[in-house]
2 protein chains.
Amino acid sequence: MTNASYKQFCPVAMAAEVLCTRWTVVLLRELVAGSTRFNELRRGVPRMSPALLSKRLSELESAGVVERERLTDPPDVDAYRLTRAGRDLQPVIEAIGMWGQKWVETEPSLENLDPELLMWDMRRNLDTTPVPDRRVVIEFIYPELPRSQRKWWLIVEPDETVDLCHIDPGFDVDLYATVDLRTMTEIWMGLRSVADAVDRDALLLVGSSDLIRSMQTWLGLSPFAQQEKLAS
Amino acid sequence: MTNASYKQFCPVAMAAEVLCTRWTVVLLRELVAGSTRFNELRRGVPRMSPALLSKRLSELESAGVVERERLTDPPDVDAYRLTRAGRDLQPVIEAIGMWGQKWVETEPSLENLDPELLMWDMRRNLDTTPVPDRRVVIEFIYPELPRSQRKWWLIVEPDETVDLCHIDPGFDVDLYATVDLRTMTEIWMGLRSVADAVDRDALLLVGSSDLIRSMQTWLGLSPFAQQEKLAS
DNA sequence: CCGGATCCGGTTAGATACTG
DNA sequence: CAGTATCTAACCGGATCCGG
């Protein structure tokens, strides 16, 4: 046991010993979302140091929440998966996220935007059902960002896998979306709609009119976007 | 903002900044349960230092979860109450507790028992409806404990308020319960039944046969006691 | 007694660099 | 790619003290 215990027999305290250390629930959100590899997890939790990530994964393994599996395909590499106890944390993480969306003031966290994190989340939640039955390429352009973070491509393959690139894959582009990072993040979080952003010239869409019309649908949004916000 | 931010726009991370610092959810459990005064909170979270309790209450006030009210009855004294956002945390705390009861191994926390905490929780959750319509006094005796913690009295008044004393109030006692602290804690947590403990001579009940028969009912148990345990 | 504030030593976390 | 190692800053626990 690395954490000092609360030394209480209350189940809330017992669970809090496992869950309520720094970065742990953010990491669990990433595991619940399906990331399994060390660097895949790092991508979802980019400001967590690798040392602490490694430590937290070991602690969660000791607590029976995560199990480590040695892979054969890339050899000498581990995958981290939730155990049954870990999957049972999904309602807990969701309840925490719903409360955060409803009650935590968003302004401070909108000052710490991250295009890679946003695109990575969008890739994961993209709703591919309304997308045509062929390869579809959407290019996002954030004009205010430095060149290395300015352009991102989401590529939906016919088998409905979605890839994210930040170097030009060379395919024909079906839709260009030019937008500032804050606006796109607000749309992703459900704080404003695609239509509103287009009306106010914060989002410029050029390309397939089908994709433009259905963007609010195929852009899957954050799992918490439907929760109304009540914070000041 | 005293806490370092996760600098993520994800609602889970935003909520975790408020909730997932040491002692915070245990303190919130106490506030959800209805404690309002500083030393009343200390009683429910006895191993938390007063300095940290004060700091956490201030942080929760800044986060809009708790509001401080200056009382007039005992003057120059504050009461801490949950705001609407704070009351909205009840499902979150409950989900955490349910997960803890289901999945966290209890053995370690059963090595850190606390009779005052147990009796204080029992006092709060006592179900007074099946108790007769007159003053009822139940004396708990923990023979293995030092004299200062050995005897406790639960006093149910006709108006259904419940008092806890650890000095003899001098009333006639309707039921004596002689038990070791671990057994009584296990019963409170739903890990074993009153009947089982009596059968195995871990709990000795002397007094009103009505009270003995209905003990499993009026002993309100932990709010999490009905959750089955699956941890190893 | 109530409601904290202060000080100090140990632990945890963040930043950065480095290795197989 | 998948982590360690190292150093420093921040946080936490425990004890003590203080004004009303």
Side-chain angles (χ1 to χ4, degrees), chain A residues 1-8 13 16-27 30-31 35-62 66 68-81 112 114, chain B residues 1-8 13 16-27 30-31 35-61 66-81 112 114 116 165-167:
Chain A
M1 176 72 67
T2 80
N3 301 330
S5 158
Y6 291 126
K7 301 193 176 172
Q8 283 201 191
E17 285 178 26
V18 176
L19 305 178
C20 293
T21 50
R22 190 153 167 75
W23 283 110
T24 304
V25 309
V26 187
L27 169 58
E30 204 55 26
L31 286 160
S35 297
T36 58
R37 300 276 294 278
F38 192 87
N39 280 359
E40 195 180 7
L41 292 165
R42 282 191 74 177
R43 222 206 283 215
V45 197
R47 302 189 56 97
M48 186 181 188
S49 81
L52 191 56
L53 174 56
S54 174
K55 186 179 174 197
R56 287 286 181 267
L57 287 169
S58 299
E59 289 167 0
L60 290 173
E61 193 181 4
S62 299
V66 159
R68 192 184 305 241
E69 179 198 353
R70 180 50 59 113
L71 297 178
T72 53
D73 182 1
D76 302 328
V77 161
D78 290 336
Y80 301 90
R81 297 181 204 286
N112 295 107
D114 181 330
Chain B
M1 176 73 65
T2 80
N3 298 330
S5 157
Y6 291 125
K7 301 192 177 172
Q8 283 201 195
E17 285 177 27
V18 176
L19 305 178
C20 293
T21 50
R22 191 153 167 74
W23 283 111
T24 303
V25 309
V26 187
L27 169 58
E30 205 54 27
L31 285 161
S35 297
T36 58
R37 298 276 296 280
F38 191 87
N39 281 358
E40 194 181 8
L41 292 165
R42 283 191 73 176
R43 220 205 285 215
V45 197
R47 302 188 58 97
M48 186 180 190
S49 80
L52 192 56
L53 173 56
S54 174
K55 185 179 174 199
R56 288 286 181 268
L57 286 169
S58 299
E59 290 167 0
L60 290 174
E61 194 181 2
V66 160
E67 56 195 355
R68 192 184 303 240
E69 178 198 354
R70 179 52 58 113
L71 297 179
T72 53
D73 181 2
D76 302 328
V77 161
D78 289 337
Y80 302 89
R81 297 180 204 288
N112 295 107
D114 181 330
E116 180 169 13
C165 302
H166 63 285
I167 55 171

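The chains referred to below are lettered A, B, ... by the order of the sequence lines, with proteins before strands, and numbering in each begins at 1. Computation of the quantities below employed the complete heavy-atom set of this structure, encompassing side-chain atoms and omitting hydrogens, waters and symmetry-equivalent molecules.
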No-hydrogen, no-angle side-chain donor-acceptor test under 3.5 Å, A:Arg81 and A:Thr36 = no

Mind calculating the distance between [atom1] ([X]) and [atom2] ([N]) to the nearest angstrom?
| X | N | atom1 | atom2 | answer |
| --- | --- | --- | --- | --- |
| A:Tyr6 | D:dG14 | OH | P | 13 Å |
| B:Leu52 | C:dG10 | CG | C1' | 15 Å |
| B:Lys7 | C:dA15 | NZ | P | 7 Å |
| A:Met48 | D:dT4 | CE | P | 13 Å |
| B:Glu17 | C:dG14 | CD | P | 11 Å |

Report yes if at least one side-chain N or O of A:Arg70 is closer than 4.0 Å to OP1 or OP2 of D:dA2; otherwise report no.
-> no

Would you find a donor on one side and an acceptor on the other, under 3.5 Å apart, between the side chain of B:Gln8 and the backbone of A:Val45?
-> no

Side chain B:Thr21, main chain B:Thr24, donor-acceptor under 3.5 Å | no

Using a 4.0 Å heavy-atom cut-off across all strands, classify A:Arg37 as base, sugar-phosphate, or nothing.
-> sugar-phosphate

Taking five pairs at each end of the helix from C:dC1-D:dG20 to C:dG20-D:dC1, what angle separates the two helix axes (nearest 10°)?
-> 20°

Using a strict 4.0 Å threshold on nitrogen-to-oxygen distance, state whether B:Arg43 and B:Glu40 make a salt bridge.
-> no

Let me see the working for B:Leu57 and B:Leu41 under side chain to side chain contact (heavy atoms under 4.5 Å, CB included), right down to the final yes or no.
-> CA-CA 10 Å; B:Leu57 286 169; B:Leu41 292 165; 4.1 Å; yes

DNA chain C: 5'-proximal contact among A:Arg47 and B:Arg42 (nearest heavy atom) | B:Arg42

